[in-house]
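Here's the structure we're looking at; comments come further down.
Residue numbers count from 1 along this sequence. Every heavy atom of this structure was used, including side-chain atoms; hydrogens, water molecules and symmetry mates were not. Numbering of ligands and ligand atoms starts at 1, following listing order.
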Amino acid sequence: KGQVVGTYADFEEETRLIQRAFTETLLEGDNEGKPHLFPNTIYTLRKETMTSEYEEDIRLVHELSAKYGSSYFVNMFPKYRGKMANYMGCRTCLQDTWTGDWDQDCLRTGNLAYVTLNLPRIGYQSRDESQVFEYLDAYMDLAVETLMLRREQGLKCLNDFHILPFLKQQVAEDSYYRIQNSTLSFGFVGLNEMLSSLFGEGIENADANKFGVKCIEYINDRANQLKDETGLRWSVIQTPAESTAYRFATLDKKQFGDQAIVQGEGNANYYTNSSHVPVDTGLSLIEKIKIEEQYHSITPGGHIFHAFMGESYSDPDSLMSLTNKIARKSDIGFWAYSSALSFCLKCKTLMKGLNNVCPTCGEKEDVEWYDRITGYVQQVGRAKSASGGWNPGKRQELIDRRRFEDN
Ligand SMILES: [Zn+2]
C-alpha cells in the first residue's frame, strides 16, 4: 500500500519541469517532422497561473499551438467553474459540481455513456415551438431507457463477469473505478439545422439562438430532475459526432427528402456539430465566441470551441493575446486553435494549409492532410498511401471550414 508523501502543491516545481519538457518534445515533432497526434495535450488556465511568473511556459504552449494546432485550453476563469474540470481531448468533461468534492467528482470515474438526440429531426416533425419540447421529452425518455441499460450492463461487467479487474481493484474503501460517480448524458447534434427548419435561419440569428439556448436549458432541467429521482449523475454533452453528424444527415435526407436541411453536397452531407455555429460562417471570431459561449455552462458533460485559424495566426504572440481575451472575457470553457496542415510523405515537407501539390518536390498523390476532426488532430486520408481517413461528410466539412485571419 502506498504512503501519503504530500499534496499536489508540494510537487509544483517538478510538475513544471515535466510540463516544459513535454511541450518541448512535442514542439520538435516526430522523426519526420510531423506532429505527434497523441497523447492529447490539454493545458488548464487559472487565475493563479495566468501571471507573469508563468509567461514563458505559456508562450511555449502557444508556439506549439501556432506550429501544429495540437494544444487544447481549459478555462477556469468563468463564474460557473468550481475548483477543477477534467477534459478529454475530444471534449468530454467532468467538473466538481456533482458532490462538490473535486476528488470524488473528477478522479477515478468517467463519462459512462451518452445518447445523441437528433435535433433537426425534431425540427422537421414539429408544427411549432411547443411541439419541440414534446418531442424532446419523448426522445429523452428513450435515451434514459437506453442509458439505464448501458449502466446495468456496465455494472454486470464490473461485478458479475469480472472482466475489468483493473477498474475493480480496491483503493481504500472503494474500487478504483467509482462507477457511482460516473455520468449518464444526453448528447445532441444539429441545433443549427433544427433552428433553421423552425425559424428559416440558424443559430446565427439572435431569436433562433435564444430558442436554442432554451432547448438546451430544457435538457439540463431534465438531467437535474433525474439526479433527484434516481440519485445518479446525469449530464448534458455536446456530442463529438465524428460519424453521427454524417449518419443523421444521410438518414434524414432519405426520410425527409427536400424538407431535410443538411450541410454539404451530393452524398457528402452532415449536420453542424452540437450547438456550434456552421463551419462556413461569415461571422467574425468574436461574434462566433459570443454565440457559442452561451452553451458551455449548460453542457457540463463536455463542449469545445473550435477556432479554425488561418496562416496569419502562426505567430505565437498573437495567439497568446487571443488566449488572454478568451480566458478573461468569455464563458468559453474549452477550446483549441486548429490549423490545417499538409505533409509530403515523399520528401517530408510540412506545410500550412491544405495543399494538393508539394512545393518542394512537386508530389501530388502522397500529400497527406491533417486537421482536427471533431476533437483530435488526425490524418484526413488524402494521400494514396494513407491508412484510414475521414468519412465523406467530415471531408466536406473540412473543405467548408472558414479560417480566421488576424485582422
Ligand atoms: Zn515533397
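Annotation: salt bridge (charged side-chain N to carboxylate O under 4.0 Å, His left out) contacts of R401 (sequence neighbours excluded): D371, E397. Residues passing the ring-ring contact (aromatic ring centres under 6.0 Å, His included) test with H306 are H276, F308, sequence neighbours excluded. F161 pairs by the ring-ring contact (aromatic ring centres under 6.0 Å, His included) definition with nothing, not counting sequence neighbours.
Note: Y370 and F343 have perpendicular aromatic rings, judged against thresholds of 30 and 60 degrees for the angle between ring planes. The aromatic rings of Y43 and F73 sit tilted relative to each other, their planes meeting at an angle between 30° and 60°.
Only protein atoms were considered; those of element N, O or S under 2.8 Å from the Zn ion (ligand 1) number 4.
Looking only at atom types and distance, the side chain of Q19 has a donor-acceptor partner in the side chain of T23 under 3.5 Å away.
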